[in-house]
Amino acid sequence: MTPNPQANHPLVTIQKSTYTTLDIQSLLQPLGGLQHYLHKGERVLLKTNLLIPSDPEKAVVTHPAVVRAVAQTVLKTGAVPFIADSPSGQFTKRRLEKAYQKSGLTAIAKDLGIDLNYDTGVTKIEIPHGKKLKKTPLCDYALQADKIIALPKIKTHSYMIMTLATKIMYGIVPGLTKAKYHSMYFRRTAFADMLLDLLTVKKPDLIIMDGITGMEGDGPSGGTPVHLGVLLATDDAIAMDLAVCTMLGIEPIRIPTLRQAKLRHLWPTQIQYPSLSPQDVRYTGFHLPSGAVSLMSGSKNHRQQPVPTEKCTACGQCVEICPKQAIQLIGRCAVVDYSKCIACYCCHEVCPYDAIQLEYIQK
Ligand code: SF4
Ligand code: SF4
């Protein structure tokens with residue numbers, strides 16, 4: 001990704017909202033409205049965060065009310081929205097069905113008469129200018145879309161501290177390839193650069209952030225829902241994440257993706273806030289992941305390890321996703337071989353029963 005001088009002053013619009021008072025048109029009005037981004041007849045990917053099949057109230061997935069409101073607004077332009085993501089685990093029709101159903105998207109698609117993606121095809125592409133990622137398989141649903149509206153959610157992430165707009169396109173990497181990349185890019189800086197490389201391949205045309213109920217603590221799936229009460233929109237992922245950091249009082253340089261973006265001269269020189277500013281919606285007391293304090297201070301004395309608890313049902317999903325084959329089911333419980341573990345926390349992320357705790361080990 002090379003710096004674009006024309007994109008140095010991106011706009012980020014911020015609106016206070018609840019899930020029952022969503023007004024996407026007025027949110028986008030300072031950006032020129034949705035018609036500025038879409039044309040009649042275009043197939044528009046609504047790229048949600050559909051990490052795992054999860055009840056929307058747990059704040060793991062983009063809230064379906066946001067997806068619905070955006071889809072309705074897209075339909076009014078004459079464009080053709082469809083909903084897609086590649087959740088953690090195998091990229092199969094069965095897993096997609098479960099994720100759509102549990103996350104409230106099946107009902108929306110039926111009500112609005114729009115498609116849910118079931119195409120699990122992938123195509124390998126080259127990224128000649130990628131810093132870390134030179135080639136990768138990507139999901140066909142994303143490669144074939146005319147336009148992309150990304151719908152991330154404000155959430156913590158035990159490995160990358162926050163998962164925001166710069167990470168949302170990781171979902172176009174198919175299924176278990178995502179876990180493989182945790183093994184290949186096991187240092188946070190390398191992982192962050194890989195995420196930034198992905199953004200060069202498929203940059204969302206528009207990003208609408210679900211910050212109404214976010215997640216704090218040990219996200220992206222095991223944290224605690226927190227009411228933040230905002231929606232944000234922009235066409236610049238870095239600007240979006242900088243705005244969220246300001247809103248939550250997080251030093252952005254401590255977030256690996258933003259730190260690497262700064263080193264790659266991708267930060268905007270100035271962000272314009274035509275409606276509310278992040279200070280207007282400032283939230284104090286936001287809880288980062290339990291491992292973030294030592295990570296953000298650069299301390300190497302602490303590392304967290306995943307510890308399966310008695311909540312384990314032996315479903316086997318952590319075994320499937322672990323990129324180092326470090327987990328086995330022994331009896332009715334997952335057991336981790338810490339000599340193989342690289343602390344990527346994919347197991348913690350994918351566990352549907354919140355059965356894996358992250359605990360400090362002293363070195
Ligand atoms: S730890 Fe979680 S994902 Fe792993 S087997 Fe147990 S319940 Fe399933
Ligand atoms: S045990 Fe968990 S944290 Fe360790 S390598 Fe496997 S998935 Fe990653």
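- In terms of heavy atoms, Ala71 sits closest to Pro81 at O-CG, 3.9 Å.
- For the pair Thr309 (side chain) and Ala355 (backbone), a donor-acceptor distance under 3.5 Å is present.
- Within 6.0 Å of NZ in Lys203 there are more than 12 heavy atoms belonging to other residues, nucleotides or ligands.
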Cut-off 3.5 Å, no hydrogens considered: what does the side-chain donor-acceptor table look like for residues 45-56, sequence neighbours left out?
residue	atom	partner	partner atom	Å
Lys47	NZ	Asp85	OD1	3.0
Lys47	NZ	Ile168	O	3.1
Asn49	OD1	Leu51	N	3.2
Asp55	OD1	Glu57	N	2.9

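- Residue pairs meeting the side-chain hydrogen bond (donor to acceptor under 3.5 Å, both in side chains) criterion with at least one partner in residues 281-293, sequence neighbours excluded, are Asp218-Ser290, Ser290-Gln304.
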Can Thr166 and Ile238 be said to form a side-chain contact (heavy atoms from CB on, under 4.5 Å), step by step? CA-CA 6 Å; Thr166 44; Ile238 310 289; 3.5 Å; yes
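- Side-chain atoms of Ser275 never come within 3.5 Å of backbone atoms of Thr13 as a donor-acceptor pair (strictly under, hydrogens ignored).
- Looking only at atom types and distance, the side chain of Asp337 has a donor-acceptor partner in the side chain of Ser339 under 3.5 Å away.
- Within the structure, every pair that satisfies the ring-ring contact (aromatic ring centres under 6.0 Å, His included) test and touches residues 173-196, not counting sequence neighbours, is listed here: Tyr159-His182, Tyr159-Phe191, Tyr170-Phe191, Tyr181-Tyr185, His182-Phe191.
- Checked by atom type and distance alone, the side chain of Lys40 never pairs as donor or acceptor with a backbone atom of Ala79 at under 3.5 Å.
- Rounding to the nearest 0.5 Å places CD1 of Ile207 at 10.5 Å from CG of Leu232.
- Asp193 and Lys131 are joined by a salt bridge, as a carboxylate oxygen and a charged side-chain nitrogen come within less than 4.0 angstrom of each other.
- Identified under the ring-ring contact (aromatic ring centres under 6.0 Å, His included) test for residues 48-75, with sequence neighbours left out: Tyr19-His63.
- A donor-acceptor pair is defined here as one N or O able to donate and one able to accept, closer than 3.5 Å; no such pair exists between the side chain of Ser103 and the backbone of Leu105.
- Checked by atom type and distance alone, the side chain of Ser86 pairs as donor or acceptor with a backbone atom of Gly175 at under 3.5 Å.
- Nearest heavy-atom pair, Pro268 versus Ala239, reported as atom, atom and distance to 0.1 Å: CG-CB, 4.1 Å.
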For Ile149 and Val70, what are the C-alpha separation, side-chain angles and deciding distance, and is it a side-chain contact (heavy atoms from CB on, under 4.5 Å)? CA-CA 9 Å; Ile149 301 179; Val70 174; 4.3 Å; yes
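- Looking only at distances, no side-chain donor or acceptor of Ser88 sits under 3.5 Å from a matching main-chain atom of Val350.
- Of all heavy-atom pairs between Gly214 and Ala59, the closest is O-CB, 3.5 Å.
- For residues 102-128, the salt bridge (Lys or Arg N to Asp or Glu O under 4.0 Å) pairs, not counting sequence neighbours, are Arg68-Asp111.
- Side chain of Lys155 to backbone of Met215: no donor-acceptor contact under 3.5 angstrom is found.
- No continuous path of ILVMFWY side-chain contacts below 4.5 Å connects Leu263 to Leu133, so the two sit in separate hydrophobic clusters.
- Summarising the local packing, NZ of Lys135 is surrounded by 12 or fewer heavy atoms from other residues, nucleotides or ligands at distances under 6.0 Å.
- The heavy-atom pair separating Lys93 from Thr120 by the smallest distance is N-CG2, 4.1 Å.
- His348 NE2 to Cys318 SG: the interatomic distance, rounded to the nearest 0.5 Å, is 12.0 Å.
- Classification of Asp210 and Lys153 as a salt-bridged pair holds, one side-chain N sitting under 4.0 Å from a carboxylate O.
- With Thr213 contributing its side chain and His227 its backbone, the two residues share no donor-acceptor pair below 3.5 Å.
- Remark: Lys132 NZ is loosely packed, at most 12 non-hydrogen atoms of other residues, nucleotides or ligands lying under 6.0 Å away.
- Cluster note: Val122 groups with no other residue, as no ILVMFWY side-chain heavy atom lies under 4.5 Å from it.
- Paired with Thr257 under the rule side chain to side chain contact (heavy atoms under 4.5 Å, CB included), one option of Met160, Met194, Met162, His157 passes, and it is Met160.
- Remark: His39 engages Glu42, Lys147 in a side chain to side chain contact (heavy atoms under 4.5 Å, CB included) (not counting sequence neighbours).
- In the hydrophobic clustering of this structure, Ile148 groups with Ile125; members are Ile, Leu, Val, Met, Phe, Trp, Tyr whose side-chain heavy atoms approach within less than 4.5 Å, directly or through other members.
- With hydrophobic clusters built from ILVMFWY side chains whose heavy atoms lie under 4.5 angstrom apart, Leu228 shares a cluster with Val244.
- Here the side chain of Asn117 pairs no donor or acceptor atom with the backbone of Ile83 at under 3.5 angstrom.
- Closest heavy-atom contact between Gly41 and Val80: O-CG2, 4.1 Å.
- Checked against side chain to side chain contact (heavy atoms under 4.5 Å, CB included), Lys262 has the following partners two or more places apart in sequence or in another chain: Ile253, Trp267.
- Heavy atoms only, all atoms of each residue included: Leu116 and Ala109 are closest at CG-CB, 3.6 Å.
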Yes or no on side chain to side chain donor-acceptor pair (under 3.5 Å) for Gln15 and Ser26, after CA distance, side-chain angles and deciding distance? CA-CA 9 Å; Gln15 185 184 68; Ser26 73; 2.8 Å; yes
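- Leu242 CG to Ile250 CD1: the interatomic distance, rounded to the nearest 0.5 Å, is 11.5 Å.
- One distance of note links CG of Leu96 with CD of Gln101; it measures 13.0 Å at 0.5 Å rounding.
- Expressed to the nearest 0.5 Å, how far CE of Met169 lies from CG of Asp197 amounts to 14.0 Å.
- For Cys315, the side chain to side chain contact (heavy atoms under 4.5 Å, CB included) criterion is met by Thr313, Gln317, Pro352, Tyr353, not counting sequence neighbours.
- Each ring-ring contact (aromatic ring centres under 6.0 Å, His included) pair with one or both residues in residues 310-343, not counting sequence neighbours, would appear here, but there are none.
- In this structure Ser277 satisfies the side chain to side chain donor-acceptor pair (under 3.5 Å) test together with Gln279, Asp280, sequence neighbours excluded.
- Enclosure of atom CD in Gln328 is not indicated, since only 12 or fewer non-hydrogen atoms of other residues, nucleotides or ligands lie within 6.0 angstrom.
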Run the side-chain contact (heavy atoms from CB on, under 4.5 Å) test on Cys322 and Cys347 for me, step by step, so that the C-alpha distance in whole Å, both residues' side-chain angles and the decisive distance to 0.1 Å come before the verdict. CA-CA 6 Å; Cys322 177; Cys347 51; 5.7 Å; no
Please determine whether side-chain contact (heavy atoms from CB on, under 4.5 Å) holds for the pair Leu231 and Met209, giving the CA-CA distance in whole Å, both sets of side-chain angles, and the decisive distance to 0.1 Å. CA-CA 6 Å; Leu231 280 180; Met209 176 74 82; over 6 Å; no
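- By the rule that hydrophobic residues join a cluster once side-chain heavy atoms approach within less than 4.5 Å of another member, Leu206 and Leu11 end up as members of one cluster.
- Remark: side-chain polar atoms of Lys180 are not paired, donor with acceptor, to backbone N or O of Leu176 under 3.5 angstrom.
- Legend: ring-ring contact (aromatic ring centres under 6.0 Å, His included) pairs involving residues 66-116, not counting sequence neighbours, sorted by first then second residue: Tyr100-Tyr118.
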